> 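Following this message is one structure expressed as structure tokens.
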Amino acid sequence: MRHIGGLSTQKKLCIFAVAATDYYSNVSVDWIPAGPSYSLYQYVCDVLDSDSYGRETFVNHVTEQATYGILEFDRRGRGRGKGIHMHFDLAEDPESIMERILEDDRFSELEREEEMMRSVAKSQMNSFLN
């Protein structure tokens with residue numbers, strides 16, 4: 001968790017999006033798919049009026065954190081014709097990760113966006129899973 005405090009703003013946003021997708025979606029899954037997490041990342045960047053990276057850079061920033069034990073990642077198929085997707089598994093409780101990142105004053109505005117983040121996470125996960 002100490003490592004998270006020293007990350008760049010963009011890397012914090014990427015990890016926050018994965019944790020928030022897990023926390024707010026209320027879907028019981030073993031792995032968090034990259035697609036819904038990326039959509040929440042884009043929303044969070046818009047709220048903070050921050051530049052957002054493309055999906056590939058987002059995934060690279062997230063998977064880099066496996067080196068530090070923050071998460072694990074894997075590519076998984078969803079069956080015939082549904083493609084292969086990157087999935088993440090957090091090593092820590094998503095709420096703890098989010099709280100650690102929200103300690104950074106640059107992210108204080110996100111605390112007022114809880115309901116919208118919940119809505120985005122649920123919507124994106126439901127779309128992905130159906």
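Note that the structure is predicted; figures quoted are calculated from it, not measured.
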> Quick check: do Arg55 and Tyr41 have side-chain heavy atoms less than 4.5 Å from each other?
no
> Measure the CZ-CZ distance between Phe16 and Arg100 for me, rounded to the nearest 0.5 Å.
14.0 Å
> Can you list the residues that meet the side chain to side chain donor-acceptor pair (under 3.5 Å) rule with Thr57, with sequence neighbours excluded?
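Thr57: no side chain to side chain donor-acceptor pair (under 3.5 Å) contacts found.
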> Just wondering, are more than 12 heavy atoms of other shown residues or ligands nearer than 6.0 Å to CG in Asn26?
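Correct, the count exceeds 12.
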> Output every pair passing salt bridge (Lys or Arg N to Asp or Glu O under 4.0 Å) with a member in residues 11-27, not counting sequence neighbours, ordered by first then second residue.
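Only Lys11-Glu64, Lys12-Asp104 qualify under salt bridge (Lys or Arg N to Asp or Glu O under 4.0 Å).
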> Rounded to the nearest 0.5 Å, how far apart are SG of Cys14 and NE2 of His61?
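Rounded to the nearest 0.5 Å, the SG-NE2 separation comes out at 5.5 Å.
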> Hey, does Phe58 have a side-chain heavy atom less than 4.5 Å from the side chain of Val18?
yes
> What are the two closest non-hydrogen atoms of Ala34 and Val59, and how far apart are they?
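Looking at all heavy atoms of both residues, the shortest contact is CB-CG2, 4.1 Å.
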> Measuring from atom CE of Met117 to atom OH of Tyr23, what distance do you get when rounded to the nearest 0.5 angstrom?
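The distance works out to 10.0 Å.
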> Please report the closest heavy-atom contact between Phe88 and Phe73, naming both atoms and the distance.
CD2-CB, 3.8 Å
> Of all heavy-atom pairs between Ala17 and Ser37, which one has the smallest distance, and what is that distance?
CB-O, 3.5 Å
> Rounded to the nearest 0.5 Å, what separation is found between the CD1 atom of Ile15 and the CD1 atom of Ile70?
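Taking CD1 in Ile15 and CD1 in Ile70, the distance rounds to 5.5 Å.
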> Could you tell me the separation between the CG atom of Leu40 and the NZ atom of Lys122, rounded to the nearest 0.5 Å?
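Here the rounded value is 13.5 Å.
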> Is there a donor-acceptor contact under 3.5 Å from the side chain of Ser127 to the main chain of Ser123?
yes
> Restricting to non-hydrogen atoms, name the atom on Ile97 and the atom on Ala19 that form the minimum distance, rounded to 0.1 Å.
CG2-CB, 3.9 Å
> Give, for atom CG of Leu13 and atom CG of Leu48, the distance between the pair rounded to the nearest 0.5 Å.
6.0 Å
> Could you tell me which non-hydrogen atom of Ala121 sits nearest to which non-hydrogen atom of Ala20, and how far apart they are?
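Reported closest heavy-atom pair: CB-O, 4.2 Å.
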> Provide the closest heavy-atom pair for Gln10 versus Ser50 in the form atom of the first, atom of the second, distance.
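Result for this residue pair: NE2-OG, 3.2 Å.
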> Would you mind reporting whether Tyr43 and Gln124 have side-chain heavy atoms less than 4.5 Å apart?
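Side-chain contact under 4.5 Å: no.
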> Can you list the steps and then say if Leu7 with Gln65 is a side-chain contact (heavy atoms from CB on, under 4.5 Å)?
CA-CA 10 Å; Leu7 292 175; Gln65 302 314 307; 3.5 Å; yes
